[in-house]
Amino acid sequence: MNTGCLIKRNLNLNGIVSEFTHEKREFTCKKGQQFIMEGAPVNGLFFILSGKVKVFRTGINGREQIVRFANSGEIIGHRGFGTQEYYSIGVMALEDTALCYFSKDNLQKVLLTAPNFTYDLMLFYANELNRSEAKVKSISQMTVRERVIDALIYIERKFGQKNKFLDIVLSRREYANYAGTTEEQVIRVFSALKKDNLIDTKGKRVQIIDSSFLKREISEHNFYLDS
DNA sequence: GCATTAATATGGA
DNA sequence: TCCATATTAATGC
């Protein structure tokens, strides 16, 4: 779905772009490094050129709630764009990641002149909102087991499987922080799923064996209509 | 290579 | 939910 970043897809076509892409700033970020701090002022928008990140928000007693994960080609920090002055989220690289950054002024100029880009961005926002609402439901109505399964399906859709394992390495704690539960609960659900031969694990790597069965188990909550 | 720390897995209050 | 502990993986020297 995200074949190349939004910017490249839309902006290489017309002339405005070269000026725009000229003003971008590129930088890299090592695994575990946080490049957006909660509370920092918003000055623009980030795009992931390559790599993977997690987006989170710190709740009470310092527990992090992972809002979403993002793969290469995706946009980061868009919630703060527009009206908000300060980020309400933090973003950390899950592996070595290359990013590019566009300033607010710069981006506003392009949004006003390149309608197909603006339209694409709007679709992206609409999709995010949809997902965000689905997440509220999942947290409030699904059981722990269902939420963990939901997280696994989400990860599979977003990152896919490579060499039989999910193409991203997450700790059990990170699964927990996404599913809104605890590390122990995730470990327990994983063990149960392994017993039923639905998933397998090797160290931190996770393999989904029967994703259609897992999807069926949470299908009554029909969520996973995701980017 | 080994020693130390971090993460995982289970059991139980 | 929280804590204790055994096992296993990752990291530093």
Side-chain angles (χ1 to χ4, degrees), chain A residues 27-38 48 50-72 74 76 88-99 132 134-218 220-221 223-224:
Chain A
F27 65 100
T28 57
C29 206
K30 289 212 178 88
K31 178 180 177 178
Q33 209 176 336
Q34 188 174 343
F35 60 92
I36 296 180
M37 301 292 171
E38 290 174 277
I48 304 176
S50 69
K52 301 170 174 60
V53 305
K54 65 175 173 184
V55 180
F56 58 88
R57 176 183 302 258
T58 312
I60 34 177
N61 62 33
R63 249 175 63 79
E64 74 172 25
Q65 166 67 52
I66 294 179
V67 177
R68 62 188 269 255
F69 294 93
N71 208 344
S72 50
E74 294 193 81
I76 304 294
S88 57
I89 46 99
V91 183
M92 181 182 287
L94 293 168
E95 53 185 51
D96 292 358
T97 296
L99 296 138
S132 154
K135 182 136 185 70
V136 172
K137 177 185 170 185
S138 81
I139 295 274
S140 60
Q141 297 188 356
M142 292 165 87
T143 66
V144 171
R145 181 185 162 98
E146 288 166 337
R147 293 205 299 269
V148 172
I149 291 174
D150 182 68
L152 285 168
I153 299 293
Y154 168 70
I155 294 295
E156 189 201 16
R157 296 191 130 244
K158 174 144 298 214
F159 298 106
Q161 304 211 87
K162 204 176 182 179
N163 306 323
K164 291 289 181 187
F165 288 100
L166 289 175
D167 192 21
I168 184 173
V169 177
L170 295 173
S171 69
R172 307 292 137 111
R173 179 175 296 281
E174 284 167 323
Y175 282 105
N177 290 344
Y178 179 79
T181 180
T182 63
E183 196 175 355
E184 295 100 312
Q185 300 261 51
V186 169
I187 288 167
R188 282 180 163 81
V189 174
F190 276 16
S191 304
L193 294 176
K194 270 198 282 191
K195 245 179 213 130
D196 293 342
N197 215 36
L198 297 171
I199 68 166
D200 196 15
T201 62
K202 193 173 186 182
K204 295 176 79 170
R205 298 192 162 274
V206 180
Q207 173 192 6
I208 294 179
I209 295 170
D210 193 343
S211 69
S212 57
F213 187 92
L214 294 175
K215 282 174 190 166
R216 222 173 304 134
E217 182 163 336
I218 58 168
E220 59 175 295
H221 301 281
F223 152 65
Y224 66 82

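Note that these values count all heavy atoms, side chains included, but never hydrogens, waters or copies made by symmetry. Convention: sequence-line order gives letters A, B, ...; per-chain numbering from 1. Remember, predicted model here, so these are calculated numbers, not experimental data.
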Give every donor-acceptor pair under 3.5 Å between a side-chain atom in residues 187-196 of chain A and any protein atom, sequence neighbours left out.
residue, atom, partner, partner atom, Å
Ser191(A), OG, Ile187(A), O, 2.8
Lys194(A), NZ, Thr201(A), OG1, 2.8

request  = Measure the spacing between CG of Asn177(A) and CD of Glu183(A) and express it to the nearest 0.5 Å.
outcome  =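 Here the rounded value is 9.0 Å.
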query = Take atom CZ in Phe213(A); do more than 12 heavy atoms of anything else shown fall under 6.0 Å from it?
reply =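 12 or below, so no.
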ask   = Tell me, for nucleotides 7-12 of chain B in 5' to 3' order, what letter each nucleotide earns: B for a base near a protein heavy atom under 4.0 Å, S for only sugar-phosphate near one, - for neither?
value = -BBBBB
message = Reading DNA chain C from 5' onward, which residue's closest nucleotide shows up sooner: Lys31(A) or Gln185(A)?
response =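 Nearer the 5' end of the strand: Gln185(A).
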message = Could you check, using the six-membered ring where one of them is a Trp, whether Tyr178(A) and Phe56(A) have ring centers closer than 6.0 angstrom?
response =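 No: the rings miss the under 6.0 Å criterion.
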request  = Would you tell me whether Glu38(A) and Thr58(A) have side-chain atoms, one donor and one acceptor, within less than 3.5 Å of each other?
outcome  =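 Present: a donor and an acceptor within the cut-off.
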